[in-house]
Trainee: 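Let me begin by handing over the structure; questions about it come next.
The first residue of the sequence shown is numbered 1, and numbering continues consecutively from there.
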Amino acid sequence: MTNKLKQLLNLFFEAVSFDAGYQPAYERIYPLFIESGLLIKNSGETPEISSVRQFIEPRQALVNSGVLTRFHEVEISATTDVFGNIAHRFSVYAKSGTQKGVAFEAKGVISTQFVRTSNGWKISSMAWDDEREGLKILNNMP
């Protein structure tokens, strides 16, 4: 079971990752989520809460305009808890890319919730926060 959940998350990371000169496969994100799934970036003053469409569209615009030319995201470590038809995966991730011609790298933690549906496991929500001054990932994280 845990492998299926890890696979779902890896498919998400693969869909958002792309090399210079290529396009991300954002359309592959839709079937990973339940219809009302949420993505929540919570590394600023206010949480940025998005539907899957609201998450994809501005990122695709950055790629189409040439502002974002490369992006990679991978899971470094994780713990998963499953109870019946619900599950939670707490992951440490690393991301890197090139935006406006400037390379960037960061790490953070993502909390992903899953629900079992008649079509198998789906992501119901993801919330993440990035490392920054005063907020560092501890060595004993998952």
Trainee: Going by the angle between their ring planes, with limits at 30° and 60°, are F114 and W121 parallel, tilted or perpendicular?
Mentor: perpendicular
Trainee: Going by side chain to side chain contact (heavy atoms under 4.5 Å, CB included), name the residues that satisfy it together with V67, two or more places apart in sequence or in a different chain.
Mentor: L62, S65, Q99, K100
Trainee: Does D19 have any side chain to side chain donor-acceptor pair (under 3.5 Å) partners at least two apart in sequence or in another chain, and if so, which?
Mentor: H72
Trainee: Can you run down the salt bridge (charged side-chain N to carboxylate O under 4.0 Å, His left out) pairs that involve residues 50-67, sequence neighbours left out, and say none if there aren't any?
Mentor: R53-E57
Trainee: Rounded to the nearest 0.5 Å, how far does CE of M126 lie from CG of N42?
Mentor: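 Result: 14.5 Å between the selected atoms.
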Trainee: Return the minimal non-hydrogen interatomic distance between A15 and P24, and the atom names on each side.
Mentor: O-CB, 3.7 Å
Trainee: Over 60° means perpendicular and under 30° means parallel, so classify the ring planes of F104 and F71, tilted if in between.
Mentor: tilted
Trainee: Who pairs with D129 by side chain to side chain contact (heavy atoms under 4.5 Å, CB included), at least two apart in sequence or on another chain?
Mentor: S43, R132, L135
Trainee: Any pair with a residue in residues 29-49 that passes salt bridge (charged side-chain N to carboxylate O under 4.0 Å, His left out), sequence neighbours left out, goes on the list, sorted by first then second residue, please.
Mentor: none
Trainee: Could you tell me if the side chain of V52 sits less than 4.5 Å from the side chain of I56, heavy atoms only?
Mentor: yes
Trainee: I'd like to check the side chain to side chain contact (heavy atoms under 4.5 Å, CB included) partners of I34; sequence neighbours left out, ordered by chain and number.
Mentor: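 I34 satisfies side chain to side chain contact (heavy atoms under 4.5 Å, CB included) with S36, V115, T117, K122, S124 only.
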Trainee: Quick one: do the Q54 and S51 side chains pair a donor with an acceptor below 3.5 Å?
Mentor: yes
Trainee: Using the side chain to side chain donor-acceptor pair (under 3.5 Å) criterion, which residues pair with Q23? Sequence neighbours excluded.
Mentor: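 Partners of Q23 under the side chain to side chain donor-acceptor pair (under 3.5 Å) test: Q60.
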Trainee: Could I get the full list of side chain to side chain contact (heavy atoms under 4.5 Å, CB included) partners for Q7, not counting sequence neighbours?
Mentor: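 Partners of Q7 by the side chain to side chain contact (heavy atoms under 4.5 Å, CB included) criterion, ordered by chain and then number, come out as L11.
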Trainee: I need the minimum non-hydrogen distance between Y26 and V16, along with the two atoms involved.
Mentor: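 That would be CE2-CA, 3.9 Å.
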Trainee: Side chains of residues 82-89: which donor-acceptor pairs under 3.5 Å do they make with residues two or more places apart or in other chains?
Mentor:
residue, atom, partner, partner atom, Å
N85, OD1, R116, NE, 2.8
H88, NE2, S111, OG, 2.7
H88, NE2, Q113, NE2, 3.4
R89, NE, E75, OE2, 2.9
R89, NH1, T80, OG1, 2.6
R89, NH2, E75, OE1, 2.9

Trainee: List for me each residue that meets side chain to side chain donor-acceptor pair (under 3.5 Å) alongside Y93, sequence neighbours excluded, and say none if there are none.
Mentor: D130
Trainee: When clusters are formed from ILVMFWY side-chain contacts under 4.5 Å, directly or step by step, what else is grouped with I49?
Mentor: L38, I40
